[in-house]
Undergrad: 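Mind having a look at this structure? Questions to follow.
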There are 4 protein chains.
Amino acid sequence: MTETADETRRSIGARRNPASADAIREAAQAVLLEAGYAGFSIEAVARRARAGKPTIYRWWPSKAALLIDVYQRQKRVDNPDTGNLEDDLVQFLQSLFRHWRETPAGSIFRSVIAEAQTDEAAATALTDYAQDRRAHTGRMVARAIERGEVRADVEPTMVADLVASYAWVHLLTGRIDEDEATTRVAIRAIVRGILATPAK
Amino acid sequence: MTETADETRRSIGARRNPASADAIREAAQAVLLEAGYAGFSIEAVARRARAGKPTIYRWWPSKAALLIDVYQRQKRVDNPDTGNLEDDLVQFLQSLFRHWRETPAGSIFRSVIAEAQTDEAAATALTDYAQDRRAHTGRMVARAIERGEVRADVEPTMVADLVASYAWVHLLTGRIDEDEATTRVAIRAIVRGILATPAK
Amino acid sequence: MTETADETRRSIGARRNPASADAIREAAQAVLLEAGYAGFSIEAVARRARAGKPTIYRWWPSKAALLIDVYQRQKRVDNPDTGNLEDDLVQFLQSLFRHWRETPAGSIFRSVIAEAQTDEAAATALTDYAQDRRAHTGRMVARAIERGEVRADVEPTMVADLVASYAWVHLLTGRIDEDEATTRVAIRAIVRGILATPAK
Amino acid sequence: MTETADETRRSIGARRNPASADAIREAAQAVLLEAGYAGFSIEAVARRARAGKPTIYRWWPSKAALLIDVYQRQKRVDNPDTGNLEDDLVQFLQSLFRHWRETPAGSIFRSVIAEAQTDEAAATALTDYAQDRRAHTGRMVARAIERGEVRADVEPTMVADLVASYAWVHLLTGRIDEDEATTRVAIRAIVRGILATPAK
DNA sequence: TATTAAGCGAGACGGTACGTCTCGTCTTAGA
DNA sequence: TCTAAGACGAGACGTACCGTCTCGCTTAATA
């Protein structure tokens with residue numbers, strides 16, 4: 001997350017050198033941050049990490065695998081619990097947008113999505129990841145159901161899907177600097193609906 | 001739309017030969033359909049279209065531009081008007097998913113999104129396109145407001161954003177074979193909300 | 001033969017640019033001269049010639065092919081005609097040794113021989129070249145036969161083979177700085193024989 | 001001498017395990033025989049010998065050193081003594097050609113020569129070896145001088161140089177299947193000379 | 001009618017990156 | 001202290017595309 005290794009690394013015997021793996025991951029992150037997905041190549045990472053290309057290919061079978069590994073190591077956004085679902089979801093989205101804006105996470109995630117359109121492994125990893133995140137985000141809804149705020153027949157992951165989709169598409173179309181008011185309007189639609197006369 | 005041109009094309013004087021442009025677009029579509037975004041290269045399109053690379057670059061400044069052009073030529077999904085917003089939106093999403101499943105459109109759109117993560121022009125085009133589509137989809141909501149079904153303070157494009165985001169993410173994560181019931185549950189959340197006690 | 005091209009080269013249309021080919025040959029020669037066969041790589045030649053690797057592979061199928069091309073372009077040693085075979089051959093060998101010492105030719109020829117031990121094409125090219133050179137060198141002997149200096153039943157290429165072999169092995173074992181007297185002793189053995197009592 | 005060791009070898013304590021060295025030499029020979037110089041790599045030898053690369057590098061400083069070691073272990077061609085120099089030399093060359101054809105020796109020697117064009121150590125080893133062989137071959141000439149067959153002022157190693165050069169170049173240019181008559185013609189030129197009127 | 005201007009297919013150009021191979025060095029665990 | 005094992009940084013291999021360039025041609029519009 002911090003800096004490129006300068007000291008020369010060597011083999012530490014017939015087993016993987018974690019320092020090399022770390023240096024490669026950090027270099028990958030740095031390259032993504034500085035040059036974006038367009039400039040992200042195994043050669044660039046190897047140069048930056050002062051590692052040999054075969055060392056990278058020894059541990060990550062493809063560009064996609066490295067990308068996903070780097071992405072998985074990102075800190076996750078937490079799961080607010082204010083006692084009010086709308087506030088929870090607004091706070092969640094705002095935290096997520098901030099996280100994407102202020103760390104390499106947003107850039108990396110966009111890259112993973114792009115890579116998933118080309119690479120089968122990345123596609124699978126992305127699908128799995130999305131499912132996992134829906135479950136996680138759905139916990140906010142589940143808590144709201146438990147406290148009687150939300151109807152019992154609502155599927156938490158369905159709501160999480162709506163919220164996450166909103167976030168992803170904002171990331172992909174460069175709209176993650178959205179202010180809280182705008183976010184709240186969208187969340188409120190999901191929570192309260194948009195009908196003039198609420199359905200029975 | 002159907003076949004690759006075999007007859008040799010020549011210059012038709014000091015102006016663009018539409019036959020070449022068409023052959024290139026058709027070749028691009030065929031390459032995308034057969035080899036996917038991974039196999040989509042200007043060289044492959046030129047080979048397939050029996051065109052010179054400069055002929056492509058003369059009319060499309062980049063791979064992304066060609067991709068977007070091809071995408072724009074796809075038939076659009078229509079805008080249902082049943083007199084009930086929920087039905088309109090469900091029908092819209094189901095039509096869109098079917099369109100993406102049964103024509104090259106889904107494959108092409110995924111490619112445009114991927115390309116937009118690398119290419120600035122594609123990113124701009126995608127943003128513009130998304131805005132345009134939101135306006136279009138928002139018309140369903142606007143009609144519902146006009147007939148008093150939806151509150152007047154609801155921003156139609158905000159609702160369209162929620163719906164389109166749901167669709168995009170399903171495309172990107174391989175979930176466009178969703179059945180109508182599942183789609184309806186999500187749309188109903190947006191329309192009616194999910195609260196146990198509807199807000200005043 | 002002289003310098004590396006500095007000016008930027010471009011395509012000159014859908015046909016080979018001789019300037020590129022020349023620059024590559026010259027770069028190959030320069031690399032061989034400076035770094036020897038050990039440092040001779042397609043990458044090094046491409047860097048030196050400011051050419052892309054594919055441009056080299058477009059015209060020379062292998063390292064060996066480039067090597068042989070460069071070697072074939074070397075100026076050949078001439079064919080003395082003093083009226084005395086011994087003098088002709090001594091002068092020929094001394095010229096050859098000087099040529100090998102003072103131009104890249106010696107280094108290149110050693111490389112071709114080495115490459116021929118690995119590469120089938122180089123082996124064939126070397127065999128052909130050797131045969132051609134034997135014919136050429138044999139002309140000195142043929143002239144000696146014509147003027148009655150040498151027996152009519154002597155095969156000129158056989159003598160050329162002996163002389164050329166002597167030269168090659170001296171090149172391969174680093175003995176091309178041999179003085180004229182030593183060369184003459186060897187040539188004299190071939191011309192006059194070494195018997196105490198000359199055979200009838 | 002023929003097959004790859006299968007049994008696992010272990011260290012035999014703080015001293016060299018001759019079984020490893022033998023296995024490596026045999027593997028090197030087998031690799032040379034089967035894949036030729038082109039396929040001869042330290043990695044290939046290590047794989048074949050089931051030895052670690054450092055074990056090879058511990059005992060042979062370079063690929064060239066291993067090559068030379070393997071070559072030195074080859075049986076040498078003997079030194080005929082028929083009482084007639086021409087017969088001795090013809091027999092010697094024919095034995096040498098047969099040896100090169102029928103054992104890995106020819107392939108190995110070609111490899112040493114190729115390696116010597118790149119590797120300084122191999123070059124030195126080759127030079128030394130050539131000198132040694134000239135001395136050895138020269139003994140046939142020395143015996144001829146002793147019995148008065150050859151002039152006393154003839155330098156035996158010079159004659160050996162001519163004969164060995166002839167042999168080497170035939171090896172390098174794929175002409176070691178030469179029949180005895182052809183060999184004899186060349187040897188006869190060295191022994192008797194080629195002049196129409198023998199020099200006084 | 002002759003000239004000119006631009007589009008056309010073609011493909012070479014200098015580059016960059018790919019994923020694989022071997023080099024020679026290093027460190028380990030176990031005998 | 002030697003062994004097998006194999007990771008390491010380095011860098012070359014030959015291939016695929018990138019986007020640009022120039023060619024020789026064809027044709028329509030202009031002069």
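Every chain is numbered from 1, with letters handed out A, B, ... down the list of sequences.
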Undergrad: Could you check how far CH2 of W60(D) sits from P of dG24(E), rounded to whole Å?
TA: 15 Å
Undergrad: Would you mind building the protein contact string for nucleotides 6-13 of chain F? One character per nucleotide, 5' to 3', B for base within reach (heavy atoms under 4.0 Å), S for sugar-phosphate only, - for untouched.
TA: BBBSBBSB
Undergrad: Should D119(C) and K63(C) count as an ion pair when the cut-off is N to O under 4.0 Å?
TA: no
Undergrad: Indicate yes or no for a side-chain donor-acceptor contact from T124(C) to the backbone of E120(C) under 3.5 Å, with no hydrogens or angles considered.
TA: yes
Undergrad: Does F40(C) have any ring pair (Phe, Tyr, Trp, His ring centres under 6.0 Å) partners at least two apart in sequence or in another chain, and if so, which?
TA: none
Undergrad: To check you understand the geometry: which heavy-atom pair defines the closest contact between L172(C) and L126(D), and what is its length?
TA: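 So the two residues come closest at O-CD2, 4.3 Å.
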Undergrad: For E115(D) and dT22(E), give me the distance from atom CD to atom C1', rounded to whole Å.
TA: 13 Å
Undergrad: Consider only side-chain N and O atoms of Q72(C) and Y129(C), and report whether a donor and an acceptor are under 3.5 Å apart.
TA: no
Undergrad: Taking atom P of dA16(F) as reference, at what distance in whole Å does atom CD1 of I56(C) sit?
TA: 17 Å
